[in-house]
Structures are given as structure tokens and as C-alpha cells.
Amino acid sequence: MSTLYEEIRELMAVYPEPRSATLPALRLAQEKHGWLSPEALREAAEGLGETPAYCMAVASFYDMFHLAPVGRHLVEVCTNVSCALVGAQQVLEAFERELGVRPGETTADGEVTLRTVECLGGCGWATIVALDHRYRTHVQPADVGAIVEELRADG
Amino acid sequence: MSAPENVTLTIDGRVVEVPKGTGLVETAAVAGIEIPVFCYEPRLGPPVGACRMCLVEVEGIPKLQAGCTLTAQEGMVVGTGATSEKAAEGQNATLEFILVNHPLDCPVCDKGGECPLQDLTFRYGPGQTRMTFPKRTLDKPIPISPTIALDRERCILCYRCTRFSESVAEDGQLVARNRGSMSMIATFEDEPYRDLFSGNVIELCPVGALTSTQYRFEARPWEIQNVPTICGLCPVGCNISATTREGKVKRILSRNHPEVDQGWLCDKGRFAYPHLYAEDRIATPLERVRRRGFGEISWDDGLDRAEALLRGAGGRIVTALSGSETIEEAYALGRLLRVGLGAHSAVLPEATSSALDAFRAPLSSIGHAEVVVVIGEERVADRAPIVGLWIKQARRNGGDVVELAEPKLDAELEQRLRSSDRAVLIWSGRAGGGGARLAELAHSLGFDGKPGCSAFHLPATPNGRGVAEAWAAAADRDEANPEPIGLLIVSGDEAAADPAVRALAEKAEHVLAITMYHGLAVGWADLVLPATSYLERDGSFVNLEGRVQRLRRSVIPPVPDELGWISKLAARFGVEISPHASLVFAELAETVYGGEASFGDVGERAPLPARAAYEPPEPRPVAPIPPPAAAPAEHFLGTLRLLRYRPLFSGPTVERVPELRFQRPAAEVELAAADAERRQIRNGDSVTVRSESILTLRARIDRRLPPGVARIAEEHARDLGTTVEVSRSSNPFTSAGGERA
């Protein structure tokens with residue numbers, strides 16, 4: 001298996017401007033570490049030949065990079081216009097009740113992080129909930145119990 | 001290059017003609033009109049239009065435009081806030097918006113009174129606030145380094161500081177974190193902003209967000225005076241202003257000389273001024289008292305003792321010069337010793353060859369070079385930091401930078417240098433006859449006839465060349481090396497701290513030291529006469545370009561300056577020398593500077609003398625540069641050649657400034673990647689360095705380092721020999737990398 005350093009070097013070769021590999025490199029580092037810890041940022045920076053500060057600056061601009069630890073599973077509820085119109089707020093509240101956390105928080109056992117996100121590009125299938133980046137469509141508050149159970153069963 | 005085409009445009013009803021492509025801010029300035037700015041700063045690269053202070057109305061464009069991002073075009077009709085109501089309203093709104101979260105703590109803010117935000121709000125901003133909400137509050141100030149404090153509430157997010165970090169210093173350490181209204185300036189984690197040029201962000205900040213920890217709460221702008229002078233800590237001679245209050249230096253600011261420093265200043269030049277107030281500064285002459293160390297004596301007694309030592313030596317005198325004396329002081333000392341006593345022998349750390357005058361050009365020419373060749377093993381930034389910035393600028397402008405350990409050019413590079421009109425050679429190393437060898441190389445490449453091609457030697461001392469010339473001009477007799485030495489005169493702190501001078505003292509019967517600090521005099525001097533700093537003297541320095549620049553006395557020193565007492569002492573030996581730098585300069589100028597230059601002519605921004613005709617350097621044997629040790633064969637842990645270097649942040653001045661401690665090099669040995677791998681050494685490992693003595697240092701792998709050498713800062717190399725063995729420390733528990741076996 002190739003190391004993160006090697007993978008980033010390969011990515012950089014794909015782009016005419018090596019710095020363009022910053023976002024995919026950060027994604028790789030986040031996948032490896034679970035979140036972009038200082039250590040993960042340092043590793044990404046070494047691969048990219050940039051400073052850790054540069055990587056931190058880029059990562060902090062984007063919502064999908066985590067600069068604090070997250071749970072093993074990620075529940076992201078879209079609360080943008082289309083989803084809001086068909087009850088995203090109620091879906092979100094159902095997740096809050098079911099998981100016992102507020103948006104942005106992680107369950108005490110470190111299993112699940114709940115977040116709200118902006119448009120996921122699935123307005124025709126509102127409300128969209130992304131479970132570990134896989135979409136569930138037409139989610140209703142009543143579905144939430146089963147979804148959480150499924151997540152927890154996944155270990 | 002063809003002359004750029006001119007365009008005519010109208011700003012606030014005034015017709016102005018400028019070359020096409022001139023920035024609108026500059027164009028307006030030509031017409032005598034101000035377009036106010038915060039973020040705009042051409043030295044930081046292309047404009048970003050971040051602050052919106054420069055809004056103007058341009059005929060034919062419906063929305064207001066950021067003036068700083070526009071360039072002059074034919075027929076353009078521009079209205080600034082002075083004539084366009086729309087623009088004035090826009091600027092007013094911009095300031096109101098900027099002030100939404102600005103704390104307006106001006107009464108306790110260091111910037112208050114010299115703050116662009118204050119000034120522009122006064123002239124263009126709303127007279128009152130409509131804000132009824134509480135302002136955002138944040139922890140403040142937070143140290144981003146021991147020398148810089150950050151107040152994030154005051155920050156208006158103009159991005160000048162981060163642009164400096166990214167595009168000028170290219171250190172990539174100061175960045176904007178988060179986005180939108182949550183953006184804030186930050187370093188990585190809790191790491192300090194550690195770069196040679198970090199202090200420039202304080203001056204760039206148009207508000208009180210980045211302040212100097214040394215200057216915080218020390219003075220208000222209406223209590224201070226700024227004295228235009230020259231930094232005396234390296235051979236660049238950056239133009240500076242010394243801010244003084246009640247007779248004390250409180251801070252150092254850059255003073256843009258576009259040909260020398262472009263308004264940048266290194267942290268050594270900026271933050272080292274507290275050396276004036278070091279605890280061990282000597283205030284009176286000191287005489288060695290048997291067994292008990294030093295006893296203070298009066299100046300009259302001091303001069304009597306000095307006279308006695310000089311007479312007693314019977315001409316067997318050697319003078320160890322620092323290269324940081326003014327030329328006037330060196331000349332006066334030369335007159336006293338050479339004319340008065342026939343003592344011609346002097347030593348200086350490094351000679352500088354005048355043969356380079358044939359290839360002279362302003363340092364700024366490096367920034368536009370298409371090829372820059374840096375020869376030598378010393379890093380440019382350690383000898384002349386600003387030159388490092390000019391080289392970075394050359395690279396940003398598309399130039400190629402080639403680093404060579406030895407002056408051996410391959411055929412391709414040689415051809416390139418021959419055919420180029422904008423090529424620069426830089427010598428950054430110990431050997432090479434003080435640039436003599438470089439001058440020969442430049443001559444052989446045909447640089448004589450090409451004004452765009454230049455050659456620079458980076459000397460080890462700030463004014464070595466000026467001191468050598470002044471000393472030579474003081475008399476025209478031959479030097480003789482007295483044996484044994486009756487009296488060693490140690491002139492200045494650098495000489496006093498130099499191990500080679502200390503070794504010379506072993507052979508001397510008596511030592512007279514001229515130094516600022518007790519710590520440098522104790523244990524070897526028989527008589528100590530207190531010295532002054534470059535911030536306390538009038539006089540002149542010759543920088544590495546050959547530019548004569550003036551030092552102005554910023555504050556009155558606590559002791560008489562050197563020129564004053566040298567003049568008195570000289571009179572006792574029948575030598576007449578003025579105690580005034582201007583008069584000594586006039587005498588010196590006649591012999592050295594062709595009688596043309598006068599003290600007053602040097603001015604605040606000194607001009608560069610014209611190129612001289614090439615004369616081959618005197619046929620003095622030039623010590624060859626030691627060749628790098630051959631790369632060891634596979635599987636063979638051979639020895640490495642020790643490369644000692646003097647870091648920028650070292651020496652008696654820096655050692656006396658606690659705020660600069662974090663900038664000094666760690667106890668490290670730098671190794672090439674191949675050498676480290678062969679020894680199974682990783683970055684951060686604790687390693688043993690062995691020659692006649694043994695040291696434990698931390699390893700740092702440097703990909704720029706050629707194989708076969710171990711690079712260690714002088715202060716950490718101590719008494720290691722010229723070749724060393726490097727191996728991983730055997731005890732795993734001493735591993736600095738944190739791994740336990």
C-alpha cells in the first residue's frame with residue numbers, strides 16, 4: 001500500500017499547477033486520520049511541499065474538512081431552501097432526539113457526528129440526508145429511528 | 001524594449017497623461033489626487049481589491065470600481081470621492097462597514113496617531129455610528145511570536161500581512177484562517193511566526209492589529225522623533241528610521257531605499273536595538289586590577305593608561321578591526337596608530353576586492369535578472385538577508401536561480417551568462433579573495449560592457465570594505481607583522497567575540513579592548529575603553545554595492561564616542577584629527593573618494609557611484625575553496641566535512657536581545673538526505689557528532705545540502721574539527737524524535 005506522501009505526489013503530477021492538488025490531498029489526509037488533526041495537516045503539507053499553515057488555511061475555508069475530531073459516522077442533514085420547505089427542520093430535530101446531540105456535536109460514545117449542511121444538489125429528492133457521504137432521499141422524521149439503528153448496527 | 005505608449009485620461013476633471021498600464025492610484029497621484037487605500041501595496045504583488053477603500057466611479061461602468069485594481073486607459077473618465085457623490089458615499093459606507101467590528105480602542109492602541117484607519121475615517125468616513133449591536137470580542141492580544149502581538153478585533157482583513165508572508169518572504173507561515181466574517185490571521189497551531197523578515201508585517205499593517213511587543217505602550221506618535229540612519233548589522237546597510245523618545249531608541253522602522261532594500265528590513269535590524277541597554281554595557285573605562293578583575297577609572301586616567309600602553313609597545317602593535325567601525329573612526333584610528341606610532345599592522349575578518357567596482361549595480365537589479373548564480377557555501381540570508389529577498393523577487397519575475405558550491409560553470413550556463421543582458425553573480429562564501437575571484441569570472445564572461453550584468457560579494461562584516469580603505473588611506477607605508485606583539489588593540493565587539501582574535505591575544509603582551517560589553521572584555525583585556533553602537537554614531541558606511549551611506553546619531557551614547565577620544569589621544573602623539581565625522585570624512589574623501597563626495601551630499605538616500613574600469617585584482621595568491629569531500633561509497637559510513645556557519649541571528653548584539661532568542665538556531669546538525677539515510681538517521685533524531693570532541697545534536701535533513709557535509713551553526717559546533725563522524729545516538733532514551741525502542 002502506498003503511503004499518503006506517495007499518493008499526494010501522484011496527485012500533484014496530474015495537475016499542471018501542483019498546488020491544485022491541495023484539496024484532494026487534504027481529503028486523503030482526512031480519510032486517513034478521520035479528521036484534519038495538526039499531524040494530518042503536517043503530513044499533507046510535507047507531501048505538497050507547502051507549509052502546514054497553508055494547508056490549515058485552505059482546510060479551514062471549506063466546510064467539508066474537519067479541523068476537530070468527528071465520530072466514526074457522519075450524518076449530514078441539508079437544511080437549504082428546498083429541503084427546508086418539505087420539513088428538513090423536523091428531520092434534523094428527530095436526529096437530535098434520537099442521537100441526543102445538537103448539530104455540530106458528536107455522540108458521547110464517539111460513534112456519530114450530526115451536522116447541518118448547505119445544498120447537496122438533491123432538491124428533487126428533498127429532504128436529503130448524507131450518511132457517511134451516501135445520500136438518503138425523501139427522508140421523513142419517521143425514518144430517522146431506523147436510520148440511526150442501521151448506523152449503530154454497522155459497528 | 002520599446003517605450004510604453006502614453007494614454008490620456010481624466011480624473012476629477014483633471015487631464016493626466018501617463019504610460020498605458022500605470023495603476024490608477026499612481027495615475028491619480030500624478031494628477032495630485034489621492035485615492036485612499038488600505039490593502040493596496042504594489043510591493044506585495046498584484047492588487048487584490050480586498051478593502052474597497054479605493055472605490056471610484058468610472059464613466060460607462062454602472063457600479064463603483066476598486067480603483068487599485070484598475071490601470072490607466074485611453075479616454076477613461078474617473079471620479080474619486082472628491083467629485084463623485086456616488087464614490088464618496090461608497091467610501092463612507094466601506095468605512096462604516098470596516099468599523100462595524102473594529103473596537104475603536106484608539107486611546108490605548110499603539111497605532112493611534114499614526115494609523116491609516118484613523119486618518120481615512122477622519123477624512124472619508126461617517127462622523128457617527130449607527131451600530132446598536134455589541135461588537136465581536138476576541139481574546140487579545142495573542143502573541144504570534146515573541147516579537148509580534150496580534151489583536152484580531154482590530155484587524156480589517158486587508159491581507160497585507162499574509163500577502164507579505166506568501167509573496168515576498170515566501171515563508172507561508174502567516175495565513176488567513178476560516179472564511180467570511182470569521183476570517184482571522186493566524187499561524188499554524190501555536191507555532192510562532194519564525195522568519196527572518198517577520199517584523200515587516202507590523203509596518204505593513206494599516207491598523208493596530210499587528211504590533212511590536214518591544215514598542216507596545218512605549219510611546220505615542222507625538223512624543224517621538226524618527227532619525228533617518230542606516231542599519232549597521234550587515235553589509236547591505238538597509239535604510240532605517242530610529243524612533244527615539246526621551247533620548248532612547250524605542251523601535252526601528254524601515255525607510256525605503258528602492259535600490260537597496262525596497263523598504264524591507266530583517267528582524268535582526270528591526271528588533272536588535274535593545275542591545276544599547278544591555279545589562280553588561282560598559283559606561284566607564286576599565287582597568288585590569290590584579291586578581292580582582294576590573295576597576296572603573298576616569299576618562300582622563302583611561303586615556304593616560306592608553307597612552308602608556310601605546311608608548312610601551314614601542315610600535316609592536318597589532319589592531320584587530322571589526323569591520324563595523326565607521327570609515328571616519330577607522331581612518332582616525334589609522335592616523336593615530338600608523339602616523340603617530342608607526343603601527344601599521346591590522347587584521348580584519350575578510351577583505352573585499354575593489355575589482356568588483358567594474359560590475360557594480362544597485363541591489364535592485366537582482367530582482368529583474370533573468371539568471372542569478374549564487375556561488376559559495378554560506379547561505380545568502382546569513383550574510384546579507386535583503387539580498388535573499390531580491391533573489392526571491394528574481395525568481396518570481398521568471399528568473400532562474402542557480403546555486404553552486406564552487407565557481408565552476410558548465411558550458412550551458414556559461415553560454416547563458418555570456419549572452420544574457422540581465423545576469424547576476426553573487427559570491428556568498430569565505431574564500432575567493434573577497435570577491436576578487438568573482439570579478440575575474442565576471443570579466444571573463446564579458447560583464448564589463450553590459451550595465452545590466454552585475455556581480456556582488458557578500459562580505460562577513462557590515463563595513464569591512466570601508467574600514468579597509470580608510471585604514472589604508474591613513475598612511476602610505478608598508479605593513480609589518482610585529483613579533484612578538486607588544487599590544488593588541490581590539491576594536492569593536494565583533495573582533496572581541498572572534499576566536500581568532502582571542503588566539504592572537506595569547507601571543508600579545510597587553511590587550512586594549514574597545515567594546516560595549518563587560519562580557520566581551522573580561523578575562524583578557526588590560527584596559528577597556530567603552531564603545532558605542534551604530535545607532536549612536538555619526539559617520540559613514542560603505543555597503544556591499546560600494547555605496548557610501550550615512551549613519552546619523554539617533555541618541556546620545558552614555559559614553560563619549562570613539563572619534564572623540566581617538567582625536568584626543570592622537571593629539572598626544574602629535575597627530576591632528578578632528579573629533580567631527582564631517583571633517584574627517586572631508587579629509588578621507590580627498591584620498592579615497594576622489595575629493596568629489598562631501599558629507600552633506602551623501603543625503604538620506606545615498607546614490608551609487610558609477611562603475612569603475614576593470615582592473616585585475618592584485619596578484620595575491622587566492623586561497624582555493626576546499627573541495628567538497630567525495631561522496632562516500634555505498635555501505636561506508638565515512639566522515640563528513642564540517643561546514644560551520646555564522647547564523648544571521650548570532651553575535652554579541654543578538655545575544656543581548658531576549659526577544660530574539662527564538663530566532664537563534666537550534667542545536668542541530670543539518671545533513672543531506674542521502675547521508676542521513678545511509679546512517680539510518682531521521683529528521684529530529686538525536687545524533688552523536690564526533691571529531692576530537694563529542695557533541696549530541698538533533699538531526700535535520702536538508703534537501704538543499706550537498707552530500708558529504710554536516711552543517712552546524714558556529715555556536716553549536718564549538719571545538720569540533722574539520723571532519724566529523726555522525727551517527728545515531730545509541731541510547732534510544734535520548735532520542736529527540738520521541739520514539740522509544
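Below, chain A is the first sequence line, B the second, and so on; all start at residue 1.
- For chain A, the option among B:Asn178, B:Thr162, B:Asp171 with the highest count of heavy-atom pairs below 4.5 Å is B:Asn178.
- For A:Trp125, the CH2 atom counts as loosely surrounded, since its 6.0 Å shell holds 12 or fewer non-hydrogen atoms of other residues, nucleotides or ligands.
- Counting non-hydrogen atoms of neighbouring residues, nucleotides and ligands closer than 6.0 angstrom, the CZ atom of B:Arg379 exceeds 12 such neighbours.
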- Determine, stepwise, if the pair A:Leu67 / B:Arg177 fulfils side chain to side chain contact (heavy atoms under 4.5 Å, CB included). CA-CA 11 Å; A:Leu67 291 167; B:Arg177 197 187 161 120; 3.7 Å; yes

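- Within a 6.0 Å radius of CD in A:Glu93, more than 12 heavy atoms belonging to other residues, nucleotides or ligands are found.
- Here A:Thr51 contributes atom OG1 and B:Glu166 contributes atom CD; the two are 9.0 Å apart, rounded to the nearest 0.5 Å.
- Closest approach of A:Ser60 and B:Ala176 over heavy atoms only: OG-O, 4.4 Å.
- A 4.5 Å side-chain heavy-atom check between B:Phe188 and A:Pro38 finds at least one atom pair inside the cut-off.
- Atom CG of B:Asp139 is surrounded by 12 or fewer heavy atoms from other residues, nucleotides or ligands within 6.0 Å.
- Taking a 6.0 Å sphere around CZ of B:Phe97, one finds it holds 12 or fewer heavy atoms contributed by other residues, nucleotides or ligands.
- Residues passing the ring pair (Phe, Tyr, Trp, His ring centres under 6.0 Å) test with B:Trp390, sequence neighbours excluded: none.
- The two residues A:Met56 and B:Val175 have their closest heavy-atom pair at CE-CG2, 3.9 Å.
- Between chain A and the options B:Gly180, B:Ser165, B:Gly172, heavy-atom pairs under 4.5 Å are most frequent for B:Gly172.
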